Number of protein chains: 2
Amino acid sequence: MVASGDAMESRIGRMCIERGLKMTGQRRVIARVLSEAEDHPDVEELYRRAVDLDSRISVATVYRTVRLLEEKGILERRDFGGGRARYEATEEGDHYHLIDVDTGKVVEFEDAEHTALMHRIAERLGFDLVSHRLELFARRKPTPPDEKPARAARAASKDGSRR
Amino acid sequence: MVASGDAMESRIGRMCIERGLKMTGQRRVIARVLSEAEDHPDVEELYRRAVDLDSRISVATVYRTVRLLEEKGILERRDFGGGRARYEATEEGDHYHLIDVDTGKVVEFEDAEHTALMHRIAERLGFDLVSHRLELFARRKPTPPDEKPARAARAASKDGSRR
DNA sequence: TTAATTGCAAAAGATTTGCGGGGTT
DNA sequence: AACCCCGCAAATCTTTTGCAATTAA
């Protein structure tokens, strides 16, 4: 058989191959879109981005692929309210999301203290923690008129899919 | 007019009256079902329980009522996974949910430390916390063979709606 | 009386699926 | 060649809504 060079394969594309998934053209495209996404797109948005790269892709396939990758642990499904599921690549270490209730922007953050606390709480109740889910809904703090405007938050601000 | 005694009104029924909602027969029934619920039923389940008390109720009305009560702050909508929204009466103080991944049972718990931490985190990111959401998914800890079996957890164990 | 509420069934929005054709291993 | 995957459209599932009839205030 022909040697299949992974050289041009996206990060998620490589993960698919590692897990022995059959790499079709559309999977490669979707994997690339996901690899390049820095936000938390929903299926509609993934579909738009994928079609931009290759028009021979249907929403059904995006749904099927996103589902498959979630089962394989490559993707994680999120619910930020708004009816549609949103996705992001699985990353090392837990991180959480703060949703700006006015703009819909999503800010990611880590907090080891919180993670540890979750384990302690489950423990206290007689359980082993399998996973947990945390979302903060918040409003940007108004800048006090007398102080110099606050600089941008250190955490990355990632917007969601289009409205 | 005839004096309308609240005496036989359910707890949530009284809250509806306080907020000036028009009390129809179906609302009274749904309010009663909600007042008596000790779990986190979804709309289907609420509908079943309501119909048991009065067959002249439609699912549409349950959907409409549950939505109205949520807007009025009387109910809170929950998402424990599984596709359908689930509801519980708003209570004093924040409490959270641990879902047993094997049985679907829901355990409620409070944790002031966690609540405080959430405010601190939002603050740190430059936001005012509006609300937050936390769910633990966990598995009951196996009883070590050498020790006497653990007694029931102190927290109340509430199951969800039927599967 | 008057405006709000209800039932019914149709509509909507998101996601899944059956099927015949096509691509990957 | 064998089996998996794709596109399409129809099907599901949950929740919402238009409309005419009914009811609380």
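These numbers were taken from a predicted model, which means no experiment stands behind them. Each chain gets a letter, A, B and so on, in the order its sequence line appears, and its residues count up from 1.
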To the nearest Å, give me how far apart [atom1] ([X]) and [atom2] ([N]) are.
X       : N      : atom1 : atom2 : answer
A/Tyr47 : C/dT16 : OH    : P     : 17 Å
A/Tyr87 : C/dT15 : OH    : P     : 6 Å
A/Arg28 : C/dT25 : CZ    : C1'   : 12 Å
B/Glu9  : D/dA24 : CD    : P     : 13 Å
A/Leu68 : C/dT16 : CG    : C1'   : 15 Å
B/Glu71 : D/dT16 : CD    : C1'   : 13 Å
B/Leu21 : C/dT6  : CG    : P     : 10 Å
A/Asp79 : D/dT14 : CG    : P     : 16 Å

Exercise. Do B/Met23 and B/Leu75 belong together in a cluster built from hydrophobic side chains that touch within less than 4.5 Å?
Worked result: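 No, B/Met23 and B/Leu75 fall in different hydrophobic clusters.
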So, is [X] near the phosphate of [N], with a side-chain N or O under 4.0 Å from OP1 or OP2?
X       : N      : result
A/Arg27 : D/dC5  : yes
A/Tyr63 : C/dT16 : no
A/Arg67 : C/dT15 : no
A/Thr24 : D/dC6  : yes
B/Arg64 : C/dT6  : no
A/Gln26 : C/dG23 : no

Exercise. When the aromatic ring centroids of B/His132 and B/Tyr96 are compared, is their separation below 6.0 Å?
Worked result: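 Yes, ring centres under 6.0 Å apart.
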Problem set entry | Centroid-centroid under 6.0 Å between B/His40 and B/Tyr87 rings |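 No: the rings miss the under 6.0 Å criterion.
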For this session: Tell me, with the steps shown, if B/Arg86 and B/Arg77 meet side chain to side chain contact (heavy atoms under 4.5 Å, CB included).
Result: CA-CA 6 Å; B/Arg86 293 166 60 168; B/Arg77 191 208 312 251; over 6 Å; no
Exercise. What heavy-atom pair brings A/Ile57 and A/Val51 nearest, and what distance separates the two atoms?
Worked result: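 Scanning both residues, the minimum pair turns out to be O-CG2, 4.0 Å.
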Exercise. Is a side-chain donor or acceptor of B/Arg14 paired with a backbone partner of B/Glu9 at a separation under 3.5 angstrom?
Worked result: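 Here the side-chain-to-backbone pair exists.
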Problem set entry | Backbone of A/Arg27 reached by a side-chain donor or acceptor of A/Thr65 within 3.5 Å |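 Such a contact is absent between A/Thr65 side chain and A/Arg27 backbone.
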Exercise. For the helix from C/dT1-D/dA25 to C/dT25-D/dA1, what is the angle between the axes at its two ends, each from 5 pairs, rounded to 10°?
Worked result: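 Here the local axes at opposite ends form an angle of 40°.
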Problem set entry | Selected nucleotide, minimal atom distance to B/Lys22 side chain, candidates C/dA4, D/dT14, C/dT24 |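 The answer is C/dA4, which lies nearest to the side chain.
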Problem set entry | Among C/dT25, D/dT17, D/dA9, the nucleotide that comes nearest once only the side chain of A/Ala60 is considered |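 For the A/Ala60 side chain, the nearest candidate turns out to be D/dA9.
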Exercise. More 5' along DNA chain D: A/Ile57 or B/Ala85, using each one's nearest nucleotide?
Worked result: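 First, find each residue's nearest nucleotide; the 5'-ward one identifies A/Ile57.
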Exercise. Looking for any heavy atom pair under 4.0 Å, which part of the strands does B/Glu44 touch: base, sugar-phosphate only, or nothing?
Worked result: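 Here B/Glu44 touches no strand at all.
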Exercise. How about A/Arg19: does its CZ atom have over 12 heavy atoms from other parts shown lying under 6.0 Å from it?
Worked result: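 Counting other residues, nucleotides and ligands, CZ of A/Arg19 exceeds 12 neighbours.
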